[in-house]
S.K.: 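Following this message is one structure expressed as structure tokens.
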Amino acid sequence: RSDGIVYENPKALDKALRKLRRLQRKLSRQQKGSRNREKTRRRIAHLHYRIANLRRDTLHKATSDIVAKTKPDTERPRTVAIEDLNVNGMLQNHCLARAVADVGMSEFGRQVQYKTTWSGSELLVADRWFPSSKRCSECGTIKDKLDLSERTYECDCCGARLDRDLNAARNLAQLATNRPNSSSLKVYRQ
């Protein structure tokens with residue numbers, strides 16, 4: 001969020017991966033049609049169900065906190081801005097695929113969209129080519145190249161130094177506030 005609040009990823013799949021591998025290895029060694037194989041298959045299915053529930057619960061809590069009025073002293077946001085990321089493209093990268101799939105980015109976008117509709121807020125979706133990470137939120141200078149491994153954004157022009165994701169969130173907040181007439185912004189209203 002642009003106010004600095006960070007929602008941690010529970011990494012449900014990563015934490016259960018060792019147990020899942022062990023069960024699947026056990027299943028592959030068991031005789032087909034046996035009762036023990038069926039028990040192991042059910043344990044694997046239950047573990048997948050648990051992973052999915054942990055991911056879904058975390059996403060619901062995060063999106064509700066972003067969109068809805070969660071505390072008595074805070075106001076419900078009138079406008080929520082998110083980025084349209086190329087999730088399918090990120091899933092093609094073998095280094096990122098498991099981490100991206102474990103987060104559930106598409107589900108996050110879907111939940112934010114319907115929750116903003118329910119709450120009467122407006123959802124702005126920035127185009128995937130909008131340079132939210134490359135643009136300095138202080139002076140507006142755009143970097144030519146920014147590697148994914150660089151987690152801290154450092155502006156060459158004004159010297160601003162902040163977390164890369166916080167910089168992107170502030171740029172999206174500025175985009176929502178200024179609202180230029182461009183095709184790089186989709187607006188979803190109630």
S.K.: Determine the sole option in Gln30, Gln24, Arg35 for which the side chain to side chain donor-acceptor pair (under 3.5 Å) test with Thr40 is passed.
M.R.: Gln30
S.K.: Passes salt bridge (charged side-chain N to carboxylate O under 4.0 Å, His left out), Asp102 versus Arg98? Steps please.
M.R.: CA-CA 6 Å; Asp102 199 13; Arg98 185 184 298 148; over 6 Å; no
S.K.: Determine whether Leu91 and Leu148 fall in the same hydrophobic cluster, where Ile, Leu, Val, Met, Phe, Trp and Tyr are linked whenever their side-chain heavy atoms lie under 4.5 Å apart.
M.R.: yes
S.K.: Once rounded to the nearest 0.5 Å, what's the spacing between atom CG of Leu47 and atom CZ of Arg22?
M.R.: 9.5 Å
S.K.: Nearest 0.5 angstrom please: Lys39 NZ to Lys26 NZ, how far?
M.R.: 9.0 Å
S.K.: Is there a path from Val87 to Leu96 through hydrophobic residues (I, L, V, M, F, W, Y) whose side chains come within less than 4.5 Å of each other?
M.R.: yes
S.K.: Would Leu59 end up clustered with Ile51 when hydrophobic side chains under 4.5 Å apart are linked, directly or stepwise?
M.R.: no
S.K.: Compare every heavy atom of Thr141 with every heavy atom of Cys157, then report the nearest pair and how far apart it is.
M.R.: CB-OG1, 3.5 Å
S.K.: Heavy-atom distance under 4.5 Å between the side chains of Asp84 and Phe130, does that happen here?
M.R.: no
S.K.: Between Arg37 (side chain only) and Lys32 (backbone N and O only), is there a donor and an acceptor less than 3.5 Å apart?
M.R.: no
S.K.: Could you report the tightest heavy-atom contact between Thr58 and Pro10, atom names first, then the distance?
M.R.: OG1-CG, 3.3 Å
S.K.: Which atom pair, heavy atoms only, marks the closest approach of Arg170 to Leu162?
M.R.: NH1-CD1, 3.6 Å
S.K.: Hey, can you tell me if Trp118 and Tyr114 have their rings parallel, tilted or perpendicular (30° and 60° cut-offs)?
M.R.: perpendicular
S.K.: So which heavy atom on Val67 is nearest to which on Ser121, and how close?
M.R.: O-OG, 4.5 Å
S.K.: Lys145 and Asp147: salt bridge (charged side-chain N to carboxylate O under 4.0 Å, His left out), yes or no, with the steps?
M.R.: CA-CA 7 Å; Lys145 187 171 175 162; Asp147 290 331; 3.7 Å; yes
S.K.: Between CZ of Arg29 and CZ of Arg25, what distance do you get to the nearest 0.5 Å?
M.R.: 6.0 Å
S.K.: With Lys143 as the cation and Tyr153 as the aromatic partner, state whether NZ or CZ is under 6.0 Å from the six-membered ring centre and within 45° of the axis.
M.R.: yes
S.K.: Answer with yes or no whether the hydrophobic clustering places Ile66 together with Val6; edges join I, L, V, M, F, W, Y residues whose side-chain heavy atoms lie under 4.5 Å apart.
M.R.: no
S.K.: Quick one: pull up OG1 in Thr79 and CG in Leu172 and give me the separation to the nearest 0.5 Å.
M.R.: 12.5 Å
S.K.: Would you say Ser64 and Lys115 make side-chain contact, with heavy atoms under 4.5 Å?
M.R.: yes
S.K.: If hydrophobic clusters are built by linking Ile, Leu, Val, Met, Phe, Trp and Tyr wherever their side-chain heavy atoms come under 4.5 Å apart, do Ile44 and Leu13 end up in the same one?
M.R.: yes
S.K.: Please assess Met90 against Met105 for the test side-chain contact (heavy atoms from CB on, under 4.5 Å), listing each intermediate value before the final yes or no.
M.R.: CA-CA 11 Å; Met90 286 190 274; Met105 288 184 190; 3.8 Å; yes
S.K.: Could you go through the side-chain contact (heavy atoms from CB on, under 4.5 Å) check for Asn86 and Asn88 one step at a time?
M.R.: CA-CA 6 Å; Asn86 184 10; Asn88 287 334; 4.2 Å; yes
S.K.: For Arg78, does the CZ atom have more than 12 heavy-atom neighbours from other residues, nucleotides or ligands under 6.0 Å away?
M.R.: no
S.K.: Can Asp144 and Lys134 be said to form a salt bridge (charged side-chain N to carboxylate O under 4.0 Å, His left out), step by step?
M.R.: CA-CA 7 Å; Asp144 292 334; Lys134 291 182 177 182; over 6 Å; no
S.K.: Any chance NE2 of His60 has more than 12 other-residue heavy atoms, nucleotides or ligands included, within less than 6.0 Å?
M.R.: yes
S.K.: Once rounded to the nearest 0.5 Å, what's the spacing between atom CD1 of Ile142 and atom CG of Asp156?
M.R.: 13.0 Å
S.K.: Check this for me, if you would: do Lys61 and Asp65 make a salt bridge, where the nitrogen-to-carboxylate-oxygen distance has to be below 4.0 angstrom?
M.R.: no
S.K.: For Arg18, is the CZ atom crowded, meaning more than 12 foreign heavy atoms sit under 6.0 Å from it?
M.R.: no
S.K.: Hey, could you give me the CG/CG distance between Asp14 and Asn9, rounded to the nearest 0.5 Å?
M.R.: 8.5 Å
S.K.: For a 4.5 angstrom cut-off between non-hydrogen side-chain atoms, does Glu122 reach Val80?
M.R.: no
S.K.: Counting only N and O atoms by type, is there a donor-acceptor contact under 3.5 Å from the side chain of Asn167 to the main-chain atoms of Ser137?
M.R.: yes
S.K.: With a 4.5 Å limit on heavy-atom distance, are the side chains of Val103 and Phe108 in contact?
M.R.: no
S.K.: Between Thr117 (side chain) and Gln113 (backbone), is there a donor-acceptor pair under 3.5 Å?
M.R.: yes
S.K.: Verify side-chain contact (heavy atoms from CB on, under 4.5 Å) between Arg43 and His46, making sure each step is shown before the conclusion.
M.R.: CA-CA 5 Å; Arg43 285 181 67 193; His46 182 72; 5.6 Å; no
S.K.: Of all heavy-atom pairs between Asp163 and Arg151, which one has the smallest distance, and what is that distance?
M.R.: OD1-O, 3.4 Å
S.K.: Is there a donor-acceptor contact under 3.5 Å from the side chain of Arg164 to the main chain of Ser133?
M.R.: no
S.K.: Does the side chain of Leu123 reach to within under 4.5 Å of the side chain of Ile82, using non-hydrogen atoms?
M.R.: yes
S.K.: Strictly distance-based, threshold 3.5 Å: is any side-chain N or O of Asn171 a donor or acceptor partner for the main-chain N or O of Arg135?
M.R.: yes
